[in-house]
**Q** 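For reference, the structure I am asking about is given below.
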Amino acid sequence: MIKCVIVEDDKFSQMALVDTIAEHCKNVEVQAVCNTPEEGVDAIRKLFPNLVLLDIEMPGMSGFEMLKLVGDIDFEVIFTTSYNEYVLDAIRSNAFDYLTKPIKPKELKDSIDRLVEKKVRTRNQKFEQLAESLSAVNKNRRIALPTFEGFIFVNVKDIMHCKSESNYTTIYMLNGEQIVVTRTLKEIEESVNSTEFFRVHNSHFVNLASVKKYVRGSGGYLVMNDGATINIARNRKDKFLKMLERF
């Protein structure tokens, strides 16, 4: 879901944007509609939107001046204006898009769709970079896994994913071996104690370096390098995605 702040001094244009988003852009949540640049700055600093729909010509302060006041811009900007002469300024401001009023619903929807595609590409690139980075960390760290017969010593990096089996846990190794250990998943998580791993579900603990693909959905799911598919719990999805965003 894209979180959006609208900064627009014209009431008719405000209503048109809100109605168009509600009808044609279901993946956009309007967090705030601001009448002045000052209100826009406050909303951005408070709500941390992904997208700002920003009018250029406003009383007292232009959209460009407002962005300078915001400072650190970690969101996309789509400028909305009745004038074409600001195109170059918008490009220099690294705006995602520039829409001329009256804004056609298809134009806004197309712009939002391209923004979603960009976010997906960026997230996938970050995930790939994260996996490459994590694969080089803690290569030689070993832990002891208690089994019914004794202990097996393994390198942490060779653990692909772990699945809870009541009071036991099945460890899926990089070489295809499956080790049943006499520990709960929580105990395994504490033993591994590594940022390279993530608890995606009450029953699953995964090595992020062994994730092949993330597929979006209500919670989404992971495809591991061994072909296993592992669901991400809905209440863990945001934390999982934010972890990728911070990388």
Side-chain angles (χ1 to χ4, degrees), residues 1-3 26-27 29 48 50 116-247:
M1 182 66 71
I2 296 175
K3 297 178 180 179
K26 304 298 184 182
N27 50 359
E29 174 192 350
F48 303 102
N50 309 118
V116 171
E117 290 175 4
K118 177 184 176 182
K119 287 175 67 65
V120 170
R121 286 196 305 270
T122 300
R123 182 171 293 157
N124 287 343
Q125 289 169 357
K126 288 181 177 180
F127 192 89
E128 291 171 2
Q129 292 168 356
L130 176 62
E132 290 174 3
S133 175
L134 292 176
S135 65
V137 178
N138 291 330
K139 282 189 174 181
N140 299 316
R141 192 162 71 84
R142 288 158 60 87
I143 60 172
L145 299 177
T147 69
F148 297 102
E149 300 174 348
F151 288 89
I152 296 179
F153 295 89
V154 302
N155 288 327
V156 169
K157 72 177 182 65
D158 292 333
I159 298 174
M160 294 188 66
H161 54 97
C162 310
K163 181 180 179 182
S164 172
E165 306 282 354
S166 186
N167 290 326
Y168 305 99
T169 300
T170 301
I171 311 291
Y172 295 81
M173 302 297 296
L174 197 60
N175 62 4
E177 184 181 4
Q178 297 180 18
I179 304 171
V180 178
V181 300
T182 56
R183 291 289 186 272
T184 65
L185 190 60
K186 180 176 176 57
E187 289 173 316
I188 295 299
E189 183 178 4
E190 291 171 350
S191 296
V192 170
N193 188 27
S194 172
T195 56
E196 301 142 73
F197 287 73
F198 189 82
R199 183 79 171 265
V200 297
H201 192 280
N202 285 339
S203 301
H204 293 281
F205 183 52
V206 303
N207 184 344
L208 294 174
S210 293
V211 175
K212 181 178 181 180
K213 181 168 62 173
Y214 163 68
V215 181
R216 291 183 297 165
S218 57
Y221 66 90
L222 303 176
V223 179
M224 308 300 294
N225 284 336
D226 63 354
T229 58
I230 299 175
N231 289 329
I232 300 176
R234 288 186 180 182
N235 63 347
R236 298 176 190 265
K237 178 181 177 181
D238 287 345
K239 185 176 180 180
F240 176 77
L241 295 180
K242 284 179 182 178
M243 180 273 296
L244 295 184
E245 294 287 351
R246 288 198 301 269
F247 179 74

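Values below: every heavy atom of this structure, side chains too, minus hydrogens, waters and symmetry copies. Starting from 1, each residue takes its place in the sequence as its number.
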**Q** Hey, could you give me the NZ/OG distance between Lys186 and Ser164, rounded to the nearest 0.5 Å?
**A** 12.5 Å

**Q** What's the spacing between Tyr221 OH and His201 NE2 if we round to 0.5 Å?
**A** 15.0 Å

**Q** Would you find more than 12 non-hydrogen atoms of other residues, nucleotides or ligands less than 6.0 Å from Lys237 atom NZ?
**A** yes

**Q** With a 3.5 Å cut-off and sequence neighbours excluded, list the donor-acceptor pairs that the side chains of residues 173-185 form with protein atoms.
**A**
{"unit_1": "Asn175", "atom_1": "OD1", "unit_2": "Glu177", "atom_2": "N", "d": "2.9"}
{"unit_1": "Thr182", "atom_1": "OG1", "unit_2": "Pro146", "atom_2": "O", "d": "3.4"}
{"unit_1": "Thr184", "atom_1": "OG1", "unit_2": "Glu187", "atom_2": "N", "d": "3.2"}
{"unit_1": "Thr184", "atom_1": "OG1", "unit_2": "Glu187", "atom_2": "OE1", "d": "3.3"}

**Q** Taking the six-membered ring for Trp, are Phe198 and Phe240 ring centroids under 6.0 Å apart?
**A** yes

**Q** Can you give me the closest heavy-atom contact between Phe151 and Ala144, atom names plus distance?
**A** CD2-CB, 3.9 Å

**Q** Side chains of residues 223-234: which donor-acceptor pairs under 3.5 Å do they make with residues two or more places apart or in other chains?
**A**
{"unit_1": "Asn225", "atom_1": "ND2", "unit_2": "Ser210", "atom_2": "O", "d": "3.4"}
{"unit_1": "Asp226", "atom_1": "OD1", "unit_2": "Ala228", "atom_2": "N", "d": "3.1"}
{"unit_1": "Asp226", "atom_1": "OD2", "unit_2": "His161", "atom_2": "NE2", "d": "2.9"}

**Q** Any side-chain heavy-atom pair from Arg236 and Asn202 closer than 4.5 angstrom?
**A** yes

**Q** Using a 4.5 Å cut-off on heavy atoms from C-beta on, say whether the side chain of Ile159 contacts that of Ile143.
**A** yes

**Q** Considering only heavy atoms from C-beta outward, does the side chain of Glu196 approach that of Leu208 to under 4.5 Å?
**A** no

**Q** Which atoms form the tightest heavy-atom contact between Met1 and Glu29, and what is the distance?
**A** SD-N, 3.7 Å

**Q** Within the structure provided, determine whether Arg199 and His204 are in side-chain contact (heavy-atom separation under 4.5 Å).
**A** no

**Q** From Ile171 CD1 over to Cys162 SG, what is the distance, rounded to the nearest 0.5 angstrom?
**A** 3.5 Å

**Q** Please determine whether the number of non-hydrogen atoms from other residues, nucleotides or ligands lying under 6.0 Å from atom CG of Asn235 exceeds 12.
**A** yes

**Q** Answer yes if the ring centres of Phe205 and Tyr172 are under 6.0 angstrom apart, and no otherwise.
**A** no

